[in-house]
Amino acid sequence: MDLSDILDPLNEPQRQAVCAPSGNLLVLAGAGSGKTRVLTHRIAYLIRIGEASTYNVMAVTFTNKAAREMRQRIEQILGTPLSGMWVGTFHGIAHRLLRSHWQEAKLPQTFQIIDSDDQYRLIRRSLKELDLDEKRWPPKETQWKINYHKDEGVRAGAIDVQGDLYLETFVRIYLHYEDLCQRNGLVDFAELLLRAQELWLQHPEVCRHYRDRFRHLLVDEFQDTNAIQYSWIRTLAADQSHTFVVGDDDQSIYGWRGAKVGNLQQFQRQFTEVELIRLEQNYRSTRTILTAANALIDNNGDRLGKNLWTAGEEGEPIRLYGAFNEIDEATYIVEQIERWVRGGRSRQEVAILYRSNAQSRVIEAALLQHGLPYRVYGGLRFYERAEIKDVLAYLRLCTNRDDDPSLERIINTPTRGIGGRTLDMLRDYARDHEMSLWRSAERMIAAGALTPRATAALQRFLDLIAEMSCGSEVSLEQQVDAVIKLSALGDHYKKEGREKGLSRIENMEELVSAAKSFVHGEDLEEGEEAMDDLTAFLAHAALEAGEGQAEEWEECVQLMSLHSAKGLEFPLVFIAGVEEGLFPHKRSLQEEGRLEEERRLCYVGVTRAKEELVLTYAEVRRLYGQENFSHPSRFLREIPEECVQIVRLQGVAAPISAGQKKGASFTTEAASTTSFSLGQQVTHPKFGEGTVVQSEGSGAQARLQVNFDRVGLKWLVIAYAHLQPL
DNA sequence: TAAGGCAACTTTTTT
DNA sequence: AGTTGCCTTA
């Protein structure tokens, strides 16, 4: 048997992992150490040597993108399509199970998946129905709490309130929400996993079936699994499956949303005879970058331990630029990118990373000013746009009339004379008679319980939906098209103003073509043919929200948060805003363990860089309309000096003219022969070194505000302060 | 019913 | 600063 195409591209530890005998394996894969390669080659290997067929393998990832890539790469190696193999996200696979076993899972066959926006609306509705004040029960927080419990595998009924009034109320909300979902046939993201887990536990015969089948389980990014995901895998694996887990505790950055780094250790303890393999050879970054990354992460305790190394070159030093303000910072970054491009390199190779999305604005402005094309990751995705969600709501109502949230969304969009009064009456009726809004509308019309005007408007709406639900005779594409035409959403959005309305209409057209190219049923198994095209399309829309922008991303500088940069790599990386308070973020300092997570985030950022890394911070940053004075991040001190080249322009005022409204590059000649300018480095006999950040007054009263490295902000009268320019 | 004004937010994000 | 959701007013 020829295994060379699978094994030759691997180094020793990688090969060990790929060829390990069937058992439980934990691969601790450092950044850039070829984790995906190991995963894909492992699967290819198992199939090639006949240890498993595609039918026996389940591979789980966190994102659809990762799942797609994995499938693609394995197919490439094996040169054959992978039918029967389950490769997908936790949620995607759970969904698939629930579709096949909707009865055992106690779901209606037409159940639909709701995204967090839909969930938010449902929770607000629950609060309203329970007569609870949103001030006391902020919907966002309540939503977070419910999801937290679900992620921990805890149902409302399982919470012991112990006479705690607050907790008791929370449980009432949680219960009500669960009830609402059940009655409407709706399943939120966390519910998918929880239901799937309960399906295993309550139906051992179902569980046994899949256990026998999936003798090989592979899980990517294991450090990101939460409690329910872990126990789901644990339940499925039992002691019969071989579980191959890949992760990196140093890249765990999602603790704040319930991910448990501890699951890596837990896996080691709970699964039988876990072999541990470390991948430490890095194929991505220069030695300098790795030295910095290693030193940085070494400040975290409680690690599984790992040291990245490379056979490659030392490379350029990491550059550190201390900007005067965020505008100066952005200008510096853009100038450096221009230099890079002048040197014959491509814009696509450059990424600008930041801790919080709000930072992108200033950088975008600078890029725009210099005519550099860029692309910002994050933000609203395709299926999350209002107009798309509107169309989807119509479609969902076509499949399931009892979907109240969808009905509420579009009953008066576009406006058709069904106002708040009518809706309130509908809601009351629905609640009193425990039925859906749709049925209530039918009944109330029949009973003549509404004004003639409202009755007519409602009837028109009911007829409209009936007209749209032409059933399975027409194609998916035609149905989507019909909904858009009949709903008159186009006209509705046209009123919204030229630019915006036009793009919304384009998006709706895009949805039609998405429906056209949507193929469902390629890889169907027994019990799955029950799902019709429309249901499958709606599930797809909910589970895969789509790309941020479908626009061309060639030759663009990439802007994104540090979180979304995980898993990517770029020859030139900027990390902007490396300041105390911003990175590490001040809100992470309150909570236990969050600082370590921030450090891991920094580690992730640093290890994105292949060739060059530039870190920047600003002395003054305007954030939320407030000027903030800050200090370089502690993380900067944790990077060895010999890796870093400091590029602050000494003794010369930073170029602050751009956008600085008043006092641009002022001087204070009157008080002293020495002049100071904003951003200038100075030294004080008592306070040490600092930066001039603000000025006030003139002549003998002229004062300067200086941000000192050691003692922070001070106002000083120039005439007495004995400041020396550095 | 629709528009306009005002107050209250503002870490990170996938499914 | 800029957005977003809520409430008032026409």
| query | Using a cut-off of 4.0 Å on non-hydrogen atoms, how would the nucleic acid contact of A:Arg594 be classed: base, sugar-phosphate, or nothing? | reply | nothing
| said: Counting only side-chain heavy atoms from C-beta out, which of C:dC6, B:dT15, B:dT12 sits nearest to A:Glu384? | reply: B:dT15
| Per A:Trp256 side chain, nearest of listed nucleotides C:dA1, B:dT15, B:dT13 | B:dT13
| Rounded to whole angstroms, how far apart are CH2 on A:Trp144 and P on B:dT13? | 16 Å
| said: Under 4.0 Å, heavy atom to any atom of DNA chain B: which of residues 576-590 of chain A qualify? | reply: A:His585, A:Arg587
| remark: From the candidates B:dT12, B:dT15, B:dT11, the one with an atom nearest any side-chain atom of A:Thr63 is B:dT15
| query | Taking only N and O in the side chain of A:Asn357, is any of them less than 4.0 Å away from OP1 or OP2 of B:dT12? | reply | yes
| field | Side chain of A:Phe189 (C-beta onward), nearest among B:dT15, B:dT13, B:dT12 | value | B:dT15
| message | Output the rounded distance in Å from CZ (A:Arg453) to P (B:dT1). | response | 7 Å
| N/O (side chain, A:Asn64) to phosphate O (OP1/OP2, B:dT14) under 4.0 Å | no
| request: Measure from NZ or CZ of A:Arg385 to the centre of the six-membered ring of A:Phe382, then state whether that distance is under 6.0 Å and the direction lies within 45° of the axis. | output: no
| task | Scan A:Asp224 against the nucleic acid and name what it touches under 4.0 Å (heavy atoms): base, sugar-phosphate only, or nothing. | result | nothing
| query | In whole Å, what is the span from the CG atom of A:Asp117 to the P atom of B:dT15? | reply | 16 Å
| field | OP1 or OP2 of B:dT1 under 4.0 Å from side-chain N/O of A:Thr415 | value | no
| task | Respond yes when some side-chain nitrogen or oxygen of A:Arg355 is under 4.0 Å from OP1 or OP2 of B:dT13, and no when none is. | result | no
| Reckon A:Ser356 has a side-chain N or O less than 4.0 Å from the OP1 or OP2 of B:dT10? | no
Show me the side-chain donor-acceptor pairs of residues 121-132 of chain A shorter than 3.5 Å, one per line, residues at least two apart or across chains.
from: A:Arg121; atom 1: NE; to: A:Asp117; atom 2: OD2; distance (Å): 3.4
from: A:Arg124; atom 1: NE; to: A:Glu134; atom 2: OE2; distance (Å): 2.9
from: A:Arg124; atom 1: NH2; to: A:Glu134; atom 2: OE2; distance (Å): 3.4
from: A:Arg125; atom 1: NE; to: A:Glu129; atom 2: OE2; distance (Å): 2.9
from: A:Arg125; atom 1: NH2; to: A:Glu129; atom 2: OE2; distance (Å): 3.1
from: A:Ser126; atom 1: OG; to: A:Leu122; atom 2: O; distance (Å): 2.9
from: A:Glu129; atom 1: OE1; to: A:His176; atom 2: NE2; distance (Å): 2.7

| remark: Of A:Ser116 and A:Asn412, the one whose nearest nucleotide on DNA chain B sits closer to the 5' end is A:Asn412
| request: Starting from the 5' end of DNA chain B, give me the residue, A:Arg416 or A:Leu562, whose nearest nucleotide shows up first. | output: A:Arg416
| message | Any side-chain N or O of A:Tyr377 below 4.0 angstrom from OP1/OP2 of B:dT12? | response | no
| query | Do the ring planes of A:Tyr210 and A:His101 sit parallel (below 30°), tilted (30 to 60°) or perpendicular (above 60°)? | reply | perpendicular
| Gap in Å between the two P atoms, one belonging to C:dT4 and one to B:dT13, rounded | 16 Å
| remark: From CD of A:Gln119 across to C1' of B:dT13 the rounded distance in Å is 14 Å
| message | What's the closest nucleotide to the side chain of A:Arg381 if the choices are B:dT13, B:dT11, B:dT15? | response | B:dT15
| request: Determine whether the side chains of A:Asp390 and A:Thr413 contain a donor N or O and an acceptor N or O closer than 3.5 Å. | output: no
| query | Within the structure shown, what part of the strands sits under 4.0 Å from A:Phe62 by heavy-atom distance: base, sugar-phosphate, or nothing? | reply | sugar-phosphate
| said: Using whole Å, what does the distance between atom P of nucleotide C:dA1 and atom CD of A:Glu627 come to? | reply: 10 Å
| query | Who passes salt bridge (charged side-chain N to carboxylate O under 4.0 Å, His left out) against A:Glu178, sequence neighbours left out? | reply | A:Arg155
| request: Could you state the atom-to-atom distance from CZ of A:Arg621 to C1' of C:dA1 in whole Å? | output: 15 Å
| said: Holding to salt bridge (charged side-chain N to carboxylate O under 4.0 Å, His left out), I want the full list of residues that pass it with A:Asp424, two or more places apart in sequence or in another chain. | reply: A:Arg427
| message | Could you work out, with salt bridge (charged side-chain N to carboxylate O under 4.0 Å, His left out) as the rule, every residue matching A:Glu152, not counting sequence neighbours? | response | A:Lys260
| task | Mind calculating the distance between CD (A:Glu596) and C1' (B:dT12) to the nearest angstrom? | result | 17 Å
| query | Under 5.5 Å between ring centres and under 30° between planes: does that hold for A:Tyr254 against the base of B:dT12? | reply | no
| request: Specify the separation, in whole Å, of atom CG of A:Asp220 and atom C1' of B:dT14. | output: 14 Å
| request: Go through A:Trp102 and A:Phe111 one step at a time and tell me if the ring pair (Phe, Tyr, Trp, His ring centres under 6.0 Å) criterion holds. | output: CA-CA 9 Å; A:Trp102 54 274; A:Phe111 80 87; 8.8 Å; no
| said: Whether A:Asn226 contacts B:dT14 is assessed here as follows: a side-chain N or O lying under 4.0 Å from the phosphate OP1 or OP2. Is that the case? | reply: no
| task | Name all residues meeting the ring pair (Phe, Tyr, Trp, His ring centres under 6.0 Å) criterion together with A:Tyr354; count only those two or more places apart in sequence or in a different chain, and write none if there are none. | result | none
| Across the strands shown, which category fits A:Ile93 at heavy-atom distances under 4.0 angstrom: base, sugar-phosphate, nothing? | nothing
